[in-house]
Amino acid sequence: MKIKQYIIVLLAGVMLPLGQLQAQITSLDELKNDKSYTIRQLPAADNNQKVLYATTENKVEARTAPSAAEDEKWAVWTSEKTGYHYVYNLDRELFLSNTSGGCTVSSVPAPCYLIETSQTGQWLLANNDLLTGLTTATGGVVFSKNADLDIRDISFSLTDANRALTSEEMARIEQAVSQAAAEQADSELRSQVYAEIEALLAEALRVETLGKPDFAGNYSYEELADIYNNDRAEQYTVEQLQALLERTRASIYPQEGKYYRLINKARPNDGSMDNTLTICDAMPPMNLGVRQIVEKIPGKHQNGVLEPISLFQVIRAGSGNEYVLYHPGSHQYAGAHTTSGEKIPLTDSRAGAGVYNLQHVGDLLFRFQNREDNAFYLTANGESNCVSYDQEEEPEKWYLQEVKSIDLQIGSSGYATLCLPCAIELPEEVEAYVATSRDGNVLHLTSLSNYTESRVLPRYVPVVLKRRSDCTDTEFSCPVIYDAATPQIPNLLKGLTLQGNIEEGSYILYQGADKPLGFYKVDPNSTLVYSNKAYLPYQPAFQSSLKISFDGELTGVELPEMMENETDTNILYDLTGRRVIRPEKGIYISTKGKKLLMK
């Protein structure tokens with residue numbers, strides 16, 4: 001109560017006539033919750049002492065001739081938890097309270113300050129920012145916020161009324177005071193929560209104006225705004241509102257299981273928003289760096305970028321905002337260094353991953369602070385390598401853009417292969433197939449829809465894509481699906497979610513001017529396959545190419561027929577499918593498909 005500060009200033013240096021102090025309370029320590037008191041005006045010049053009492057109309061007035069009646073007796077209850085005083089009339093069984101309409105008694109306990117003046121045994125009462133006292137000038141009780149009020153005219157004494165409270169009275173007062181204190185605390189806390197809600201909603205709307213809705217750092221505030229702006233907050237407890245506030249605050253952080261692109265604020269230093277964290281080396285030891293990724297279509301590579309979609313997951317690793325950084329394309333975690341300038345390594349062990357405290361620094365930006373040594377942060381240096389550095393500048397700030405869709409490209413042939421580290425929903429114009437079996441020179445493909453719900457392509461499932469014949473589009477945007485299951489699917493295909501060399505003797509999908517659609521054996525001198533592609537691993541067959549059957553519809557490679565009159569030894573192939581002119585010891589396959597053992 002502000003009035004308490006005012007009283008302290010007002011009382012400084014004030015000397016009041018002491019008067020009679022017989023049986024008067026001279027300190028707060030003397031007040032007892034099991035006793036009653038009379039509240040008397042200090043002796044005036046005419047010796048007319050007035051005593052405070054409660055009327056049958058529940059008003060508080062001053063009586064000139066004290067009668068020791070019950071309506072003149074008051075309990076002054078002290079709350080051990082808050083230190084507030086509650087003044088209770090034993091006759092009316094109601095509590096004293098100052099209101100704008102006067103000094104009254106009410107069933108609602110009103111917290112008061114009983115304030116000692118500079119003179120022993122002389123008191124004032126502050127309640128609802130008003131002063132309560134007794135005066136001869138007005139003939140009764142006064143309450144005022146008037147700074148010019150002379151408190152020497154309104155101070156009063158507290159005198160033991162020689163009447164103990166019954167156990168029932170004490171229980172009634174305690175119950176009412178406890179309930180009132182709880183309601184007061186709830187009211188104050190609710191007001192504080194409302195102020196926090198208003199501040200948070202204002203900040204959420206400000207962040208929206210930045211125009212980057214897919215970035216972490218935006219608030220999911222719709223539920224909170226709906227409750228507060230439609231006057232429904234009173235229907236919720238303070239605890240429920242606080243929980244909703246915390247959920248709304250936490251919504252700015254990356255969500256578990258979702259995929260993000262990490263974009264450095266300062267590197268390269270050209271103001272571009274394409275400074276994307278990615279894998280810099282396909283072969284161990286792999287490390288992280290930032291690159292300007294122009295194409296985000298799987299299989300299209302520019303400027304040596306190996307993994308253009310550059311998906312990361314920011315996975316909670318402990319209490320608070322501690323996370324590890326996972327790259328699902330390489331199945332690697334970002335490590336950590338506590339040496340300034342050291343490159344951030346990659347590890348396939350969750351136990352060896354670096355744990356970072358993710359700090360929100362405002363305007364959709366975050367810092368990754370090393371948990372082992374909080375002086376170091378994940379950053380990008382001048383060579384665009386991802387390193388550890390002990391500073392808090394612009395290169396230590398990152399945007400986290402949620403990946404909500406993946407762009408696919410199917411060329412003029414109408415066919416492509418795909419393998420992604422995330423699940424997507426395929427467009428209606430595109431059908432996905434898995435390789436379920438091989439019969440001689442024919443690879444049998446079966447529609448993925450036989451194994452999955454709707455048109456979902458589960459993560460890490462390698463497929464052949466076939467565009468509908470009446471569709472001429474070459475690029476498609478496919479929504480990322482976060483709750484898709486990965487069922488057991490019979491599939492001879494393998495996929496690469498990070499660029500790498502495939503096994504010699506494997507087959508890749510190809511169609512060109514010189515060759516019809518089919519799976520062709522990879523050139524042993526060129527076994528590199530880009531990320532997010534599928535291939536047919538090594539097959540123990542002599543064919544250099546395979547026809548494709550789409551759900552029983554044969555298409556593609558035309559192979560020469562076998563000559564019945566050729567001897568088994570005229571044309572032989574090794575187990576990789578290469579023709580052998582002078583066979584040595586080993587196993588070979590003849591043109592009739594028979595296995596031969598040469599000793």
Side-chain angles (χ1 to χ4, degrees), residues 1-2 82 181-266 273 312-325 355-371 374 377-378 392-394 396-405 480 482-483:
M1 295 182 180
K2 296 179 181 178
T82 64
E183 291 174 353
Q184 176 69 18
D186 181 85
S187 177
E188 292 175 357
L189 185 56
R190 183 173 290 271
S191 297
Q192 178 183 337
V193 170
Y194 285 173
E196 292 178 16
I197 290 175
E198 290 178 359
L200 183 60
L201 292 178
E203 173 63 9
L205 293 174
R206 186 195 69 81
V207 172
E208 275 192 349
T209 64
L210 300 177
K212 298 180 177 65
D214 295 340
F215 285 62
N218 284 285
Y219 293 88
S220 298
Y221 66 91
E222 292 77 10
E223 181 183 2
L224 183 63
D226 178 63
I227 291 172
Y228 189 72
N229 294 336
N230 292 304
D231 297 325
R232 294 194 293 115
E234 292 292 337
Q235 301 174 17
Y236 293 79
T237 66
V238 170
E239 290 75 16
Q240 288 173 324
L241 292 175
Q242 288 176 319
L244 183 54
L245 255 176
E246 288 307 308
R247 289 199 303 272
T248 306
R249 289 192 180 107
S251 67
I252 65 172
Y253 289 92
Q255 303 299 302
E256 194 79 15
K258 292 192 174 182
Y259 301 91
Y260 294 88
R261 290 190 182 94
L262 274 66
I263 303 167
N264 192 267
K265 186 176 187 294
M273 283 296 291
F312 286 86
Q313 289 180 304
V314 188
I315 303 172
R316 190 173 293 277
S319 60
N321 294 316
E322 293 180 348
Y323 295 86
V324 296
L325 195 57
V355 179
Y356 293 91
N357 178 28
L358 192 61
Q359 299 177 341
H360 180 233
V361 296
D363 290 345
L364 310 177
L365 289 164
F366 294 84
R367 280 196 298 258
F368 289 82
Q369 182 187 49
N370 192 326
R371 186 181 68 176
N374 58 21
Y377 295 86
L378 190 75
E392 298 181 4
E393 306 297 336
E394 297 302 279
E396 283 69 53
K397 296 177 182 178
W398 299 84
Y399 294 100
L400 280 67
Q401 181 183 20
E402 182 187 345
V403 179
K404 292 188 174 181
S405 63
V480 172
Y482 284 109
D483 56 355

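For the numbers below, each heavy atom of this structure counts, side chains included, while hydrogens, waters and symmetry mates do not.
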Within the 4.5 Å heavy-atom criterion, are [X] and [Y] side-chain neighbours or not?
| X | Y | value |
| --- | --- | --- |
| Tyr399 | Leu365 | yes |
| Lys397 | Leu364 | no |
| Val193 | Ile197 | yes |
| Ile252 | Asn218 | no |
| Leu244 | Ile227 | yes |
| Tyr259 | Gln313 | yes |

Under a 4.0 Å threshold between the charged nitrogen and the carboxylate oxygen, would Arg367 count as salt-bridged to Glu392?
yes

Short side-chain donor-acceptor distance under 3.5 Å, Gln184 and Glu188:
yes

Are Tyr377 and Gln369 linked by a side-chain donor-acceptor pair shorter than 3.5 Å?
yes

Return yes if some donor-acceptor pair links the side-chain N/O of Glu246 with the main-chain N/O of Ala243 below 3.5 Å, else return no.
no

So, the side chain of Ser187 versus the backbone of Glu183: is there a donor-acceptor pair under 3.5 Å, distance only?
no

Can you confirm whether Asp226 is buried at CG, in the sense that more than 12 heavy atoms of other residues, nucleotides or ligands lie under 6.0 Å from that atom?
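Yes, because the 6.0 Å sphere around CG of Asp226 holds more than 12 heavy atoms from other groups.
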
If you measure from CG on Asp186 to CD on Glu239, what distance do you get to the nearest 0.5 Å?
7.0 Å

First locate atom CG of Leu241, then atom OH of Tyr236, and finally report the distance between them rounded to the nearest 0.5 Å.
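Going from the CG atom of Leu241 to the OH atom of Tyr236 covers 8.5 Å.
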
What closest approach, in Å, do [X] and [Y] show between heavy atoms, and which atom pair accounts for it?
| X | Y | result |
| --- | --- | --- |
| Tyr356 | Leu378 | OH-CD1, 3.8 Å |
| Tyr323 | Arg316 | OH-NH2, 2.9 Å |
| Val480 | Ser405 | CG2-N, 3.7 Å |
| Val238 | Arg190 | N-NH2, 3.6 Å |
| Pro254 | Leu400 | CG-CD2, 3.8 Å |
| Tyr228 | Ala233 | CD1-CB, 4.3 Å |

Might you work through the side-chain contact (heavy atoms from CB on, under 4.5 Å) test for Leu200 and Leu224, ending with a clear yes or no?
CA-CA 10 Å; Leu200 183 60; Leu224 183 63; 4.0 Å; yes

Among Glu208, Arg249, Arg247, which one satisfies side chain to side chain donor-acceptor pair (under 3.5 Å) with Tyr221?
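Between Tyr221 and the candidates, side chain to side chain donor-acceptor pair (under 3.5 Å) is satisfied uniquely by Glu208.
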
